Enquirer: 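Submitted below is the structure of interest, expressed as structure tokens.
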Protein chains: 2
Amino acid sequence: MDNDMSRTHTNQREPAQTDPKPANADAGTLITDMGKRARTAARVLALAETDEKNAALRHAAQTVRADRDGIIAANARDLEAAGARGLSEAMTDRLRLTPDRLDAIASALEDVARLSDPVGETIADWQRPNGLSIARVRTPLGVIGVIYESRPNVTADAAALCLKAGNAVILRGGSEAFHSNQAIFRAIQAGLAQAGLPGDAVQLVPTTDRAAVGAMLAASGLIDVIVPRGGRSLVARVEAESRVPVFAHLEGLCHMYVDGMADAGMARDLVLNAKMRRTGICGALETLLIDRRARHMAGGILAALQEAGCEIRGDEGVQALADGIVPAGEDDWSSEYLAPVLSVRFVEGLDGALAHIARYSSGHTESIVTEDPATAEAFLTRVDSAIVMHNASTQFADGGEFGMGAEIGIATGRIHARGPVGVEQLTSFKYQVRGRGQTRP
Amino acid sequence: MDNDMSRTHTNQREPAQTDPKPANADAGTLITDMGKRARTAARVLALAETDEKNAALRHAAQTVRADRDGIIAANARDLEAAGARGLSEAMTDRLRLTPDRLDAIASALEDVARLSDPVGETIADWQRPNGLSIARVRTPLGVIGVIYESRPNVTADAAALCLKAGNAVILRGGSEAFHSNQAIFRAIQAGLAQAGLPGDAVQLVPTTDRAAVGAMLAASGLIDVIVPRGGRSLVARVEAESRVPVFAHLEGLCHMYVDGMADAGMARDLVLNAKMRRTGICGALETLLIDRRARHMAGGILAALQEAGCEIRGDEGVQALADGIVPAGEDDWSSEYLAPVLSVRFVEGLDGALAHIARYSSGHTESIVTEDPATAEAFLTRVDSAIVMHNASTQFADGGEFGMGAEIGIATGRIHARGPVGVEQLTSFKYQVRGRGQTRP
């Protein structure tokens with residue numbers, strides 16, 4: 001969804017706010033109750049008709065548009081609190097809802113309504129020699145917990161994707177967007193009510209008490225999977241603590257490797273696009289690796305980056321190529337800048353690139369630029385990341401660009417979901433076996 | 001694989017044995033070391049050629065055959081310890097290795113060598129309007145931990161499936177099979193060595209200290225997924241404690257529902273086969289639900305069961321139909337007997353069956369017997385189990401019968417793997433994106 005992630009860097013503290021509900025005395029009781037209600041709702045939702053789910057999404061979109069002033073007033077309370085906390089202008093901007101942004105939220109809900117319903121879809125089917133017919137059919141996952149720190153639009157996006165895939169969802173948004181999230185949540189509730197679907201299918205944790213996050217992570221048996229979407233410290237906490245399976249979304253510490261056999265002009269254009277098109281998204285380039293044999297094209301690439309306003313932090317070889325290059329420290333190789341800053345180093349061919357990526361990558365997206373097909377295929381095979389690319393900008397690492405419709409984010413783990421997490425990734429499956437009375441010999 | 005699971009019922013105690021390695025002073029250190037070595041081996045194995053993996057499996061099979069006497073001698077030590085512990089004759093029989101059983105273990109290794117290699121397989125591919133070509137390609141999962149209580153053959157089966165799918169594996173077998181497992185493990189090591197693959201690709205925990213299981217469950221980041229295979233208390237412990245994702249294998253509390261529109265003869269044959277063909281496997285029938293409208297065929301079904309030596313525990317309506325029926329208690333609806341015992345009750349049509357199954361099923365396999373297609377489809381859609389069947393015996397719930405080759409077991413969770421867990425279910429995937437220099441607008 002190409003959302004700017006850079007705010008999540010400074011978003012780990014959650015000081016008490018002035019007027020959300022006070023910290024719940026027993027977050028465990030709260031989450032257990034919400035989980036049980038979600039489980040009941042999930043059973044209904046798993047069997048809901050496509051038209052019912054789409055009607056809920058479309059009515060939620062209408063309500064977002066109709067209640068524009070109310071949502072913007074709720075957002076104003078969050079903005080006021082943000083001002084009192086001294087939130088940076090960049091972060092405040094990401095929190096701000098405008099009529100245009102609300103229209104985008106409503107349109108996103110309608111886009112999800114237009115996606116085909118994955119539930120009941122036959123993924124594969126075959127017949128056995130004994131005449132048994134076997135089909136692998138998509139089912140919902142059950143109850144999904146989404147823990148996020150992002151902009152208020154995630155409330156609508158995550159709810160819509162989970163709902164479309166027939167799941168109940170428990171949302172736990174960031175405290176700074178508390179009132180905005182609640183206002184958007186009310187529009188989703190209106191959609192569910194209009195469509196005759198259970199309100200408990202989408203629940204928003206009504207407290208900013210951080211203990212609620214811990215309770216969600218402990219809710220094994222009530223929540224089937226946790227989707228953390230946010231900065232490194234949130235995801236690290238979730239991965240360390242959770243007793244519930246996690247679709248990990250680590251940061252996008254994306255690499256591009258310019259091989260000695262690269263086309264110089266293509267390499268320059270790809271690096272520039274991957275780094276500078278939007279610097280705050282998880283598919284933005286963070287480290288550039290240049291084959292020593294491509295040294296002749298390095299100067300042109302660095303000049304183009306500097307001209308576009310990118311700060312370059314380089315190893316000694318890189319520093320020798322242009323003025324104004326900051327010496328790169330060890331930290332730079334593991335920094336997701338989400339800003340116009342790029343770490344650059346020379347490597348010894350493909351093996352050097354593979355070794356650097358194996359050590360520092362977050363497993364999100366890496367790309368090679370080369371005209372040599374064998375080197376390209378070796379890179380695509382050997383790099384163990386969710387997305388590996390040849391002669392393409394890392395900024396294409398996006399569910400929409402993959403043709404998968406909306407997504408919650410890019411999963412960097414290897415279990416169940418990997419890469420863009422859209423409606424299909426929010427499903428499970430079962431086997432349907434049809435016979436004519438066959439017994440097993 | 002149709003293995004008899006009944007032993008796992010009484011297999012939860014692990015008293016100290018006489019001569020395996022003494023309890024490790026620091027199981028955490030042991031597992032951390034094994035995990036790091038497994039991770040290194042997994043990187044090599046992920047890129048291993050199909051021929052190398054198959055050569056390792058075939059040579060392991062040869063070694064099992066060649067070292068028959070040595071393995072049987074190791075097994076004799078386990079049998080002696082079992083005798084000293086007073087293990088039941090049924091459990092002792094399952095522990096026993098004979099020349100025939102060793103030949104079956106070797107053949108199973110060769111069968112896995114014959115399966116097609118899932119790694120690198122293109123699951124889906126498509127082209128985007130901008131010319132980007134996107135392929136979803138299978139990759140190994142990484143490092144798999146298998147915790148089992150079953151017969152010694154699981155050592156070979158689990159190692160073979162993990163290896164074929166390009167994964168490193170850490171095996172933790174039951175203490176009563178300690179020497180047998182080690183002997184089989186040595187044959188697998190010989191296969192790896194012969195094929196030039198790292199020995200650390202398959203490791204066997206060299207202690208019966210139960211703390212090693214806890215250390216495996218805590219080894220997040222070193223072990224990517226835990227596969228528990230065993231009785232209810234093992235699986236429950238794993239699910240409750242694990243910080244590592246789990247492919248849960250709950251027991252098979254399988255139901256068959258005989259609808260009012262069933263064919264009486266087919267219903268009798270299917271019930272008899274589902275219950276009595278082999279009573280000790282996880283796909284064996286445990287509870288029979290009979291539609292009140294099918295009361296006229298109930299007597300014939302019960303008579304056939306009793307004639308085949310099946311004890312019946314029934315509700316009041318069932319008790320009225322035949323002599324010798326034990327009154328069913330509440331516990332009977334949640335008992336996996338794995339024995340010639342069946343709980344039977346009358347229900348009010350499909351809705352009654354669905355309600356009973358939703359309450360008591362372990363999510364493994366359920367089957368409906370009916371000639372009415374609409375009722376059948378409603379059952380197949382509404383029952384939330386890994387495998388749902390129409391007019392087929394639950395004993396077909398088996399990877400081999402599904403045409404998937406060998407399997408580790410039947411997963412009852414909804415994350416990643418569900419149903420038979422074979423080589424494909426032991427893989428992940430990544431996206432390969434091929435371009436010609438495309439930048440994102």
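Treat the numbers as computed from the prediction; the structure is a model and nothing was measured. Note: hydrogens, waters and symmetry copies are ignored here, and every other heavy atom, side chains too, is used. To find a chain, count down the sequence lines: A is the first, B the second, and so on, and within it residues start at 1.
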Enquirer: Is the side chain of A:Arg414 donor-acceptor paired with the backbone N or O of B:Leu141 at a distance under 3.5 Å, no angle test?
Expert: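 Yes, A:Arg414 side chain to B:Leu141 backbone: donor-acceptor pair under 3.5 Å.
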Enquirer: Given a strict heavy-atom distance threshold of 4.5 Å, which part of A:Gln127 is in contact with chain B: side chain, backbone, both, or neither?
Expert: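 Nothing of A:Gln127, per the 4.5 Å heavy-atom cut-off to chain B.
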Enquirer: Less than 4.5 Å to any heavy atom of chain B: does that hold for the side chain of A:Val383, its backbone, both, or neither?
Expert: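 The backbone, not the side chain.
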Enquirer: Tell me if a side-chain donor or acceptor on A:Arg277 pairs with a main-chain N or O of B:Pro441 at a distance below 3.5 Å.
Expert: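 The answer is yes, because a donor-acceptor pair under 3.5 Å joins these two groups.
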Enquirer: For B:Arg128, which atoms come within 4.5 Å of any heavy atom of chain A: side chain, backbone, both, or neither?
Expert: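 Contact with chain A involves the side chain of B:Arg128 alone.
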Enquirer: In terms of heavy-atom proximity below 4.5 Å to chain A, should B:Asp263 be classed as side chain, backbone, both, or neither?
Expert: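 Neither the backbone nor the side chain of B:Asp263 comes within 4.5 Å of chain A.
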Enquirer: In Å, rounded to the nearest 0.5 Å, how long is the span from OG1 of B:Thr439 to CD of A:Gln395?
Expert: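 Nearest 0.5 Å value for the OG1-CD distance: 10.0 Å.
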Enquirer: Name the option with the most non-hydrogen atom pairs under 4.5 Å to chain B; the candidates are A:Arg436, A:Arg243, A:Arg136.
Expert: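 Top count of heavy-atom pairs under 4.5 Å with chain B: A:Arg243.
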Enquirer: Please classify the contact between B:Ala46 and chain A as side chain, backbone, both or neither, with a heavy-atom cut-off of under 4.5 Å.
Expert: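 Answer is neither: B:Ala46 stays 4.5 Å or more from chain A.
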Enquirer: May I ask you to name which of A:Glu239, A:Arg43, A:Gln438 has the most heavy-atom pairs under 4.5 Å with chain B?
Expert: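 Maximum pair count with chain B is reached by A:Gln438.
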Enquirer: Between B:Trp126 and A:Gly403, is there a donor-acceptor pair closer than 3.5 Å when you use the side chain of the first and the backbone of the second?
Expert: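 Checked: no pair found.
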Enquirer: Less than 4.5 Å to any heavy atom of chain A: does that hold for the side chain of B:Met266, its backbone, both, or neither?
Expert: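 The side chain, not the backbone.
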Enquirer: For residues A:Ile415 and B:Asp224, report the shortest heavy-atom separation together with the two atoms involved.
Expert: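 Heavy atoms only, the tightest pair is CD1-O, 3.8 Å.
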Enquirer: Between A:Glu241, A:Arg418, A:Arg434, which shows the greatest number of heavy-atom pairs under 4.5 Å with chain B?
Expert: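 Most heavy-atom pairs within the cutoff with chain B belong to A:Arg418.
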Enquirer: Assess whether a salt bridge exists between A:Glu366 and B:Lys430, defined as any Lys/Arg side-chain N lying under 4.0 Å from an Asp/Glu carboxylate O.
Expert: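 Salt bridge flag = no for B:Lys430 with A:Glu366.
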Enquirer: Could you look at B:Thr381 and say if it's the side chain, the backbone, both or neither that has a heavy atom under 4.5 Å from chain A?
Expert: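 Looking at B:Thr381, backbone and side chain both touch chain A.
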Enquirer: So, do A:Val433 and B:Phe396 sit near enough that their side-chain heavy atoms are less than 4.5 Å apart?
Expert: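 No - every pair of side-chain heavy atoms lies 4.5 Å or more apart.
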Enquirer: Minimum heavy-atom separation for B:Pro420 and A:Tyr431, please, with both atom names.
Expert: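 Nearest pair, atom of B:Pro420 first, then A:Tyr431: CD-CE1, 3.9 Å.
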Enquirer: By a 4.5 Å heavy-atom criterion (distance strictly below it), what part of A:Ala358 contacts chain B: side chain, backbone, both, or neither?
Expert: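 Neither part.
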Enquirer: For A:Phe429 and B:Ala417, which heavy atoms make the closest approach, and how far apart are they?
Expert: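 Scanning both residues, the minimum pair turns out to be CZ-C, 4.4 Å.
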Enquirer: Quick one: what part of B:Leu380 sits under 4.5 Å from any heavy atom of chain A, side chain, backbone, both or neither?
Expert: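 For B:Leu380, heavy atoms of backbone and side chain both lie under 4.5 Å from chain A.
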Enquirer: If you compare all heavy atoms of A:Asp398 against all heavy atoms of B:Arg440, which two are closest, and at what distance to 0.1 Å?
Expert: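 Of all heavy-atom pairs spanning A:Asp398 and B:Arg440, the closest is CB-NH1, 3.8 Å.
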Enquirer: With only heavy atoms counted, which part of B:Glu371 is less than 4.5 Å from chain A, the side chain, the backbone, both or neither?
Expert: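 For B:Glu371, neither part sits under 4.5 Å from chain A.
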Enquirer: By a 4.5 Å heavy-atom criterion (distance strictly below it), what part of A:Thr139 contacts chain B: side chain, backbone, both, or neither?
Expert: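 Contact with chain B involves the side chain of A:Thr139 alone.
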Enquirer: Can you list the steps and then say if A:Arg382 with B:Leu47 is a side chain to side chain contact (heavy atoms under 4.5 Å, CB included)?
Expert: CA-CA 7 Å; A:Arg382 299 184 62 180; B:Leu47 303 170; 3.6 Å; yes
Enquirer: Counting only heavy atoms closer than 4.5 Å, note whether A:Leu132 contacts chain B via side chain, backbone, both or neither.
Expert: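 The side chain, not the backbone.
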Enquirer: Please classify the contact between A:Pro140 and chain B as side chain, backbone, both or neither, with a heavy-atom cut-off of under 4.5 Å.
Expert: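 A:Pro140 touches chain B through backbone heavy atoms alone.
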